[in-house]
Engineer: 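Quick one: the structure is below, questions incoming.
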Amino acid sequence: MYYESELKALKKSKRYRQRELYDDAFLDFASNDYLGLAHKKELHTLTCQTLLEMPLHSSKASLLVNGYHQIHKNFETALCEANGFEDGVILGSGFNANIALIEALVRRGDTLFMDEKYHASGVLASNIKSVNVKFFSHNNMQELEELLKSSEAKRKIVAVEGIYSMDGDLVESAVFEICDRYDALLIVDEAHSSGVIGENLMGVFDYYKIAIKPNYIKMGTLGKAYGSFGAFILASSHIVEYLINRAKPIIYATSLSLYDTLLAHNALRYILQNREYLKSEIQKRQKIVYEELGVKVKGLIVPITINDNKKVIEIREALKKLGFEVGAIRQPTVERAIIRLIARVGESCDMLRELCISLAKIKQ
């Protein structure tokens, strides 16, 4: 067989992966459905009712070839209004959004400065062509400033995450001031912060009360807190115009499905209309996690370091026997194996507390 030795090596090192069918018999503390909106039947019903009244239900083509519909435009406008950005574009996934941004924005003579824990999609994009990329230590703003200060790049582009997907920590607020000082474009991947933090639950820009400037770019996903699928990029009209003309995942891909777009728009309305209730529920879960595990989190990602690929799987299986589903994340996705617990609003506080108590006992 072509890759038999590679597969054997993965199995031996306990890094072998396989697809597992979703089973709703387990309490879900593993998925990124942070607010439980993937289970809100009223959002699904409302979306379907609207689509039934339309002459079509598929986007049919790319955004630039007859595939840009009023549903797309309405959602882009709503995202801009909610987040304070001038313009936006929606596309197929967060993975594609990162590829679109980095592949299109970083040109010859430019330098990309990327946090070492940036998402794999951004790292992949930096390798697609001869992108000049410099990685800086995770959340090390002093190192980032030194790199920017000494750079002679034509354009400087910085890439960070709002909440980091595995560590669950926030980007340092200093990144905004530093990028302003050195006239650097700033890409903030808000996949795990949009819908989870901030006065209006719009993410890290909202959380730090950042006034939007022309050098800021916000990327977010719709398959996490929004309970749908797809992604968005928000920026100045100038940047969005450029991306529409140069970003291959926008130009050459079929536009986001009308169902996913409309479902996400309905989710956005729900989040904004219920933000005080949702913030209260998030805070309750953060309090439980601290009380039972001693871990303080700003969002809903709770990483528990285990540092053993074999043991992390054993812990996950032990919790499954108790009816709980959590993530068991191993190298090379993370430096050290972790249990990744998501304190979802979609599951009750009582069940979260029971899970935390069980996890504390099992991991000892």
Side-chain angles (χ1 to χ4, degrees), residues 6-20 28-32 34 94-95 98 113-124 126-127 133-144 159-172 175 189 191-193 196 224 285-286 288-322 324-344 352 355-364:
E6 286 85 349
L7 287 169
K8 284 181 179 178
L10 287 169
K11 290 176 181 177
K12 185 177 181 180
S13 64
K14 304 299 180 183
R15 290 164 56 181
Y16 180 74
R17 299 179 174 111
Q18 58 187 345
R19 294 170 293 178
E20 294 184 15
D28 178 15
F29 291 97
S31 78
N32 294 320
Y34 294 118
F95 204 99
N98 261 325
F113 302 88
M114 180 176 283
D115 189 290
E116 64 180 355
K117 292 192 176 181
Y118 198 80
H119 192 268
S121 54
V123 177
L124 173 64
S126 71
N127 291 320
V133 58
K134 294 184 183 296
F135 291 94
F136 59 93
S137 303
H138 178 53
N139 251 343
N140 190 328
M141 295 297 109
Q142 182 179 348
E143 183 180 345
L144 172 60
V160 298
E161 294 187 33
I163 289 180
Y164 285 85
S165 60
M166 294 298 134
D167 292 60
D169 55 338
L170 269 67
V171 67
E172 295 290 337
V175 73
D189 180 337
H192 298 276
S193 48
V196 177
K224 296 181 174 62
R285 285 156 178 79
Q286 291 168 335
I288 290 170
V289 168
Y290 179 66
E291 289 173 347
E292 302 300 342
L293 294 173
V295 179
K296 286 188 176 182
V297 293
K298 294 291 187 181
L300 291 170
I301 298 170
V302 186
I304 308 295
T305 302
I306 305 300
N307 202 24
D308 185 310
N309 281 349
K310 182 180 179 181
K311 188 176 180 181
V312 83
I313 296 298
E314 291 173 351
I315 292 172
R316 184 189 68 179
E317 293 306 309
L319 289 171
K320 277 188 104 168
K321 289 179 180 178
L322 298 175
F324 302 108
E325 184 74 78
V326 298
I329 315 298
R330 294 157 286 165
Q331 292 98 343
T333 304
V334 289
E335 292 178 9
R336 297 183 294 171
I338 64 169
I339 288 293
R340 184 175 181 267
L341 185 161
I342 307 299
R344 297 176 56 249
L352 173 62
L355 166 60
C356 290
I357 292 171
S358 298
L359 175 56
K361 292 177 181 177
I362 292 169
K363 75 181 182 69
Q364 289 178 348

Engineer: Between the side chain of N139 and the main-chain N/O of E172, is any donor-acceptor distance below 3.5 Å?
Structural biologist: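 Looks like yes, one N/O pair under 3.5 Å.
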Engineer: Does the side chain to side chain contact (heavy atoms under 4.5 Å, CB included) test come out yes or no for V312 and I338, once each step is laid out?
Structural biologist: CA-CA 7 Å; V312 83; I338 64 169; 5.7 Å; no
Engineer: Return yes if some donor-acceptor pair links the side-chain N/O of N32 with the main-chain N/O of I342 below 3.5 Å, else return no.
Structural biologist: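 Flag not set: sc N32 to bb I342 has no pair under 3.5 Å.
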Engineer: Between E292 (side chain) and C356 (backbone), is there a donor-acceptor pair under 3.5 Å?
Structural biologist: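 No, the answer is negative, given that no donor and acceptor are paired below the 3.5 Å cut-off.
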Engineer: Using a 6.0 Å cut-off, check whether atom CD of Q142 has over 12 heavy atoms from anything other than its own residue.
Structural biologist: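 No, the 6.0 Å shell around CD holds no more than 12 heavy atoms from other groups.
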Engineer: What is the distance from atom CD1 of I304 to atom CD1 of I329, rounded to the nearest 0.5 Å?
Structural biologist: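 So the CD1 of I304 and the CD1 of I329 are separated by 12.5 Å.
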Engineer: When rounded to the nearest 0.5 angstrom, what distance separates CZ in F95 from NE2 in H119?
Structural biologist: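 Nearest 0.5 Å value for the CZ-NE2 distance: 7.0 Å.
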Engineer: With side chain to side chain donor-acceptor pair (under 3.5 Å) as the test, would you mind laying out the steps for T333 and R340 before giving the verdict?
Structural biologist: CA-CA 12 Å; T333 304; R340 184 175 181 267; over 6 Å; no
Engineer: Compare every heavy atom of A191 with every heavy atom of D189, then report the nearest pair and how far apart it is.
Structural biologist: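 Closest heavy-atom pair between D189 and A191: OD1-N, 2.9 Å.
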Engineer: What pairs with D167 under salt bridge (charged side-chain N to carboxylate O under 4.0 Å, His left out), at least two apart in sequence or on another chain?
Structural biologist: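 Salt bridge (charged side-chain N to carboxylate O under 4.0 Å, His left out) list for D167, sorted by chain: K117.
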Engineer: List the residues meeting ring-ring contact (aromatic ring centres under 6.0 Å, His included) with H138, not counting sequence neighbours, and say none if there are none.
Structural biologist: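 Checked H138 against ring-ring contact (aromatic ring centres under 6.0 Å, His included); matches are Y164.
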Engineer: Quick check against the 3.5 Å criterion: does R344 have a side-chain atom that pairs as donor or acceptor with the backbone of D28?
Structural biologist: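 At least one qualifying donor-acceptor pair exists.
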Engineer: What's the verdict on side chain to side chain contact (heavy atoms under 4.5 Å, CB included) for M141 and V175, showing C-alpha distance, side-chain angles and the deciding distance?
Structural biologist: CA-CA 7 Å; M141 295 297 109; V175 73; 3.6 Å; yes
Engineer: Within this structure, what is the NZ-CD distance for the pair K296 and Q286, rounded to the nearest 0.5 Å?
Structural biologist: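 It comes to 11.0 Å.
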Engineer: As an exercise, state the distance from OG1 of T305 to CZ of R336, rounded to the nearest 0.5 Å.
Structural biologist: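 Separation between the atoms: 5.0 Å.
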Engineer: As an exercise, state the distance from CG of L170 to CD of E161, rounded to the nearest 0.5 Å.
Structural biologist: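 Those atoms lie 11.0 Å apart.
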Engineer: Please report the closest heavy-atom contact between V123 and S126, naming both atoms and the distance.
Structural biologist: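 V123 and S126 have their closest heavy atoms at O-OG, 2.6 Å.
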Engineer: Give me the one residue out of L359, L341, I339 that meets side-chain contact (heavy atoms from CB on, under 4.5 Å) with V302.
Structural biologist: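 Only one option passes, and that is L341.
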Engineer: After noting the C-alpha distance and the side-chain angles of V295 and Y290, does the key distance pass the side chain to side chain contact (heavy atoms under 4.5 Å, CB included) rule?
Structural biologist: CA-CA 5 Å; V295 179; Y290 179 66; over 6 Å; no
Engineer: Is there a side-chain contact between D115 and F135 in this structure, where contact means two heavy atoms from C-beta onward sitting under 4.5 Å apart?
Structural biologist: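 D115 does not reach F135 side chain to side chain.
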Engineer: Donor-acceptor pairs under 3.5 Å, side chain of residues 314-321 to any protein atom, not counting sequence neighbours: which ones?
Structural biologist:
none

Engineer: Could you check I362 against L322 for side chain to side chain contact (heavy atoms under 4.5 Å, CB included), going step by step and ending with a plain yes or no?
Structural biologist: CA-CA 11 Å; I362 292 169; L322 298 175; 4.1 Å; yes
Engineer: Where do F324 and S358 come nearest, in terms of heavy atoms and distance?
Structural biologist: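 Scanning both residues completely, I find the closest heavy atoms to be CE1-OG, 4.4 Å.
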Engineer: Taking all non-hydrogen atoms of both residues, which atom of S137 and which atom of E143 are closest, and how far apart?
Structural biologist: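 Heavy-atom minimum between the residues: OG-OE1, 2.7 Å.
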Engineer: Determine the minimum heavy-atom distance between S121 and N98, stating which atoms define it.
Structural biologist: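 Where S121 meets N98 most closely, the heavy atoms are OG-ND2, 2.9 Å.
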Engineer: Hey, what do you get for CZ (R15) to CD1 (I313), rounding to the nearest 0.5 Å?
Structural biologist: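 It is 13.0 Å, given to the nearest 0.5 Å.
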Engineer: What is the minimum heavy-atom distance between Y16 and L7, and which atoms define it?
Structural biologist: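 Smallest interatomic distance, heavy atoms only, reads CE1-CD2, 4.0 Å.
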